[in-house]
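Step one of this worksheet: look at the structure below.
To find a chain, count down the sequence lines: A is the first, B the second, and so on, and within it residues start at 1.
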2 protein chains.
Amino acid sequence: MDHVETGLRERKKRRTRWAIASAALRLFAERGYEETTIADITAAADVSPRTFFSYFPSKEDVVFTEIDDRLAEVAERLSDRPPGEPPLETIRRCVVDVTEAIVAEHGEYGAVQVRLILERPGLQARALQRLTATQEEIEARLHELCPGIDEIDAVAAAGIAVGGMQAVVVHCRRHGYEPASMRAALDRALTIVEHGLGSLTALTAPSEGAP
Amino acid sequence: MDHVETGLRERKKRRTRWAIASAALRLFAERGYEETTIADITAAADVSPRTFFSYFPSKEDVVFTEIDDRLAEVAERLSDRPPGEPPLETIRRCVVDVTEAIVAEHGEYGAVQVRLILERPGLQARALQRLTATQEEIEARLHELCPGIDEIDAVAAAGIAVGGMQAVVVHCRRHGYEPASMRAALDRALTIVEHGLGSLTALTAPSEGAP
DNA sequence: TGCAGATTTGCAATAGCTGCAACTTTGCAG
DNA sequence: CTGCAAAGTTGCAGCTATTGCAAATCTGCA
């Protein structure tokens with residue numbers, strides 16, 4: 001039971017939602033986020049301003065269209081891992097999926113969405129919040145995968161994993177989104193997550209000073 | 001040149017700022033955040049509504065009064081570490097300081113602030129954003145401490161460290177703030193940060209299933 | 001005592017968001 | 001077909017946060 005409903009009603013709703021979202025993203029890209037009002041968006045989408053709020057709870061939420069679905073999808077996929085796989089491998093897979101889902105282009109306006117989120121503090125905050133939600137999702141799966149796992153361990157593992165993810169996002173923000181570079185950063189971060197900061201000799205040696 | 005200015009002007013400004021902040025926090029505690037308007041706050045603080053915005057850029061910012069100062073203070077303290085100390089130790093120290101600064105009670109309304117931040121999604125998002133800022137702060141210090149460190153390593157290390165911090169915050173949110181328990185969670189998280197997720201046998205063994 | 005600069009304030013306007021009630025459309029039974 | 005009830009859309013009024021602007025006050029220092 002997903003999006004297979006054939007009713008005219010459903011189809012029309014989906015179309016309207018898309019009309020609003022794409023109008024919004026297009027306008028955001030053209031004149032900027034703050035510079036685009038709800039009225040502008042609804043005018044472009046040819047619906048009443050009031051209607052906007054029956055599709056999205058707030059202006060900010062339009063920006064996250066699809067991204068949320070994508071994230072949820074990834075979280076679900078986590079449960080479909082081969083039963084014998086070591087949890088750590090599962091986490092790795094999960095982090096890779098989520099990260100790529102976040103960074104990769106989603107449909108036509110993906111680039112716009114990413115740029116907006118990275119630029120507008122408000123949107124950035126919202127994104128972090130969703131990332132935190134994902135973190136709890138990960139932790140829940142961990143408890144499923146390793147029934148007896150210590151709670152602190154699970155929380156910490158999830159937290160650290162997400163921290164690694166964020167590291168990649170930060171890296172991308174600075175150096176752009178070439179898949180290759182991103183992959184490298186992701187692998188590096190995951191290795192560190194796996195072996196700990198203690199594996200970085202740069203960190204265990206006394207800080208500069210006496211030779 | 002900090003808060004030593006003796007001018008009547010300075011003193012009055014400081015007093016007003018405090019009046020607004022404490023009125024706000026008190027009201028938030030009494031009737032809730034959303035239920036308190038700027039007008040309510042300024043009435044209680046005995047200033048004009050317009051004045052509020054010359055002290056705080058937004059309603060949300062009042063909640064973070066002092067917390068920001070505290071965080072900045074901690075970040076600064078990072079540079080005062082003994083020169084020969086291994087960076088990893090410095091990080092540990094830093095994480096402990098920041099975490100305790102976040103969780104500990106700040107002044108009279110500390111508990112209110114923490115509760116609000118944890119409850120209101122908007123404030124939570126804002127807090128995460130500030131945490132991210134701290135993360136970048138940590139990274140910058142890392143580059144100072146280990147001049148040649150690989151950028152990805154630095155970003156990842158900072159990200160993971162903050163992830164560990166968040167883990168502790170999550171833990172506290174669930175189990176309360178008894179210092180002992182928090183200390184334990186913090187230590188555990190830091191150990192994991194240091195030795196990696198690979199050190200948790202629960203994660204490296206194949207997930208349940210065939211015995 | 002009086003001025004120059006800083007603060008405070010009132011006023012008006014914009015924009016996001018919500019509740020409500022009237023109006024339309026759609027799905028379906030008769 | 002036809003008509004009804006549920007679902008969806010719209011306009012309206014209203015509330016709150018936030019900002020620009022200019023008049024009114026206050027403070028520090030002659």
Side-chain angles (χ1 to χ4, degrees), chain A residues 1 3-21 23-25 27-28 30-65 116 120-126 129, chain B residues 1 3-21 23-25 27-28 30-65 116 120-126 129:
Chain A
M1 47 74 164
H3 24 66
V4 263
E5 330 252 350
T6 332
L8 196 172
R9 219 159 208 158
E10 308 300 321
R11 252 176 303 134
K12 201 169 183 178
K13 263 184 101 164
R14 213 170 296 285
R15 210 186 314 144
T16 303
R17 186 184 174 80
W18 168 247
I20 295 177
L25 263 351
L27 290 176
F28 290 163
E30 282 173 17
R31 27 176 136 161
Y33 181 76
E34 328 275 30
E35 293 69 30
T36 305
T37 74
I38 303 278
D40 294 334
I41 299 171
T42 53
D46 206 47
V47 293
S48 122
R50 189 66 184 76
T51 298
F52 178 94
F53 294 100
S54 54
Y55 281 92
F56 301 93
S58 81
K59 187 180 170 184
E60 290 189 340
D61 286 284
V62 203
V63 180
F64 292 95
T65 316
L116 285 174
R120 301 283 143 189
L123 295 173
Q124 200 181 316
R126 201 108 171 186
Q129 192 179 253
Chain B
M1 50 69 164
H3 23 65
V4 262
E5 329 253 352
T6 332
L8 195 172
R9 217 157 210 159
E10 308 299 321
R11 254 178 299 136
K12 199 168 185 180
K13 264 184 101 165
R14 213 171 297 282
R15 209 186 312 144
T16 304
R17 188 185 172 81
W18 168 248
I20 295 177
L25 262 354
L27 290 176
F28 290 164
E30 282 174 15
R31 28 175 133 161
Y33 181 76
E34 327 276 21
E35 292 69 30
T36 305
T37 73
I38 303 278
D40 294 335
I41 298 171
T42 52
D46 205 49
V47 293
S48 121
R50 189 68 184 74
T51 298
F52 178 94
F53 293 100
S54 55
Y55 281 93
F56 300 94
S58 82
K59 187 179 169 185
E60 291 189 340
D61 286 285
V62 202
V63 179
F64 293 94
T65 318
L116 285 174
R120 301 284 144 189
L123 296 174
Q124 200 181 316
R126 202 109 170 186
Q129 194 180 250

Practice prompt. Applying side-chain contact (heavy atoms from CB on, under 4.5 Å), run through B:Ile41 and B:Thr37 and close with a yes or a no.
Written response: CA-CA 6 Å; B:Ile41 298 171; B:Thr37 73; over 6 Å; no

Worksheet item: Should B:Glu34 and B:Arg120 count as an ion pair when the cut-off is N to O under 4.0 Å?
Response: yes

Worksheet item: Once you build an axis from the first five pairs and another from the last five of the helix from C:dT1-D:dA30 to C:dG30-D:dC1, how far apart in angle are they, to 10 degrees?
Response: 10°

Fill in: Among D:dG8, C:dT8, D:dT18, the one nearest B:Thr16 by side-chain distance
C:dT8

Worksheet item: Does some side-chain heavy atom of B:Asp61 sit less than 4.5 Å from a side-chain heavy atom of B:Arg126?
Response: yes

Worksheet item: Given C:dT7, is OP1 or OP2 found less than 4.0 Å from the side-chain N or O atoms of B:Ser54?
Response: no

Fill in: B:Arg17 CZ to B:Ser54 OG distance, which is reported to the nearest 0.5 Å
10.5 Å

Worksheet item: What integer distance in Å separates A:Ile41:CD1 from C:dA15:C1'?
Response: 12 Å

Discussion item. Below the 4.0 Å mark, does C:dT9 have OP1 or OP2 next to a side-chain nitrogen or oxygen of B:Thr51?
Written reply: yes

Worksheet item: Is a donor-acceptor contact shorter than 3.5 angstrom present between the side chain of A:Arg50 and the base of D:dG8?
Response: no

Fill in: Reference residue A:Val62; test side chain to side chain contact (heavy atoms under 4.5 Å, CB included); the match among A:Tyr33, A:Phe56, A:Tyr55
A:Phe56

Worksheet, complete the sentence: Taken to the nearest whole Å, CZ/A:Phe52 to P/D:dG11 is 16 Å

Practice prompt. Check the pair B:Trp18 / B:Thr65 against side-chain contact (heavy atoms from CB on, under 4.5 Å), numbers first and verdict last.
Written response: CA-CA 9 Å; B:Trp18 168 248; B:Thr65 318; over 6 Å; no

Worksheet item: When the distance from CZ of A:Phe53 to P of D:dG14 is rounded to whole Å, what number comes out?
Response: 18 Å

Practice prompt. Specify the separation, in whole Å, of atom NZ of A:Lys59 and atom P of D:dA17.
Written response: 18 Å

Worksheet item: Any side-chain heavy-atom pair from B:Glu30 and B:Glu35 closer than 4.5 angstrom?
Response: no

Discussion item. It should be established whether B:Lys12 places a side-chain nitrogen or oxygen under 4.0 Å from OP1 or OP2 of nucleotide C:dT7.
Written reply: no

Worksheet entry | Nearest-angstrom distance from the residue atom CZ of B:Phe56 to P of C:dT7 | 15 Å

Worksheet item: Checking all strands, does B:Thr36 fall into the base, sugar-phosphate, or nothing category for heavy-atom contacts under 4.0 angstrom?
Response: sugar-phosphate

Practice prompt. Round to the nearest Å and state the distance from A:Glu34 atom CD to D:dT19 atom P.
Written response: 10 Å

Worksheet item: Taking atom C1' of C:dA15 as reference, at what distance in whole Å does atom CD of A:Glu35 sit?
Response: 13 Å

Response to the item:
note: B:Tyr55, atom OH; C:dT9, atom C1'; distance rounded to Å ~ 12 Å

Fill in: D:dT16 phosphate, OP1 or OP2, under 4.0 Å from B:Thr37 side-chain N/O
no

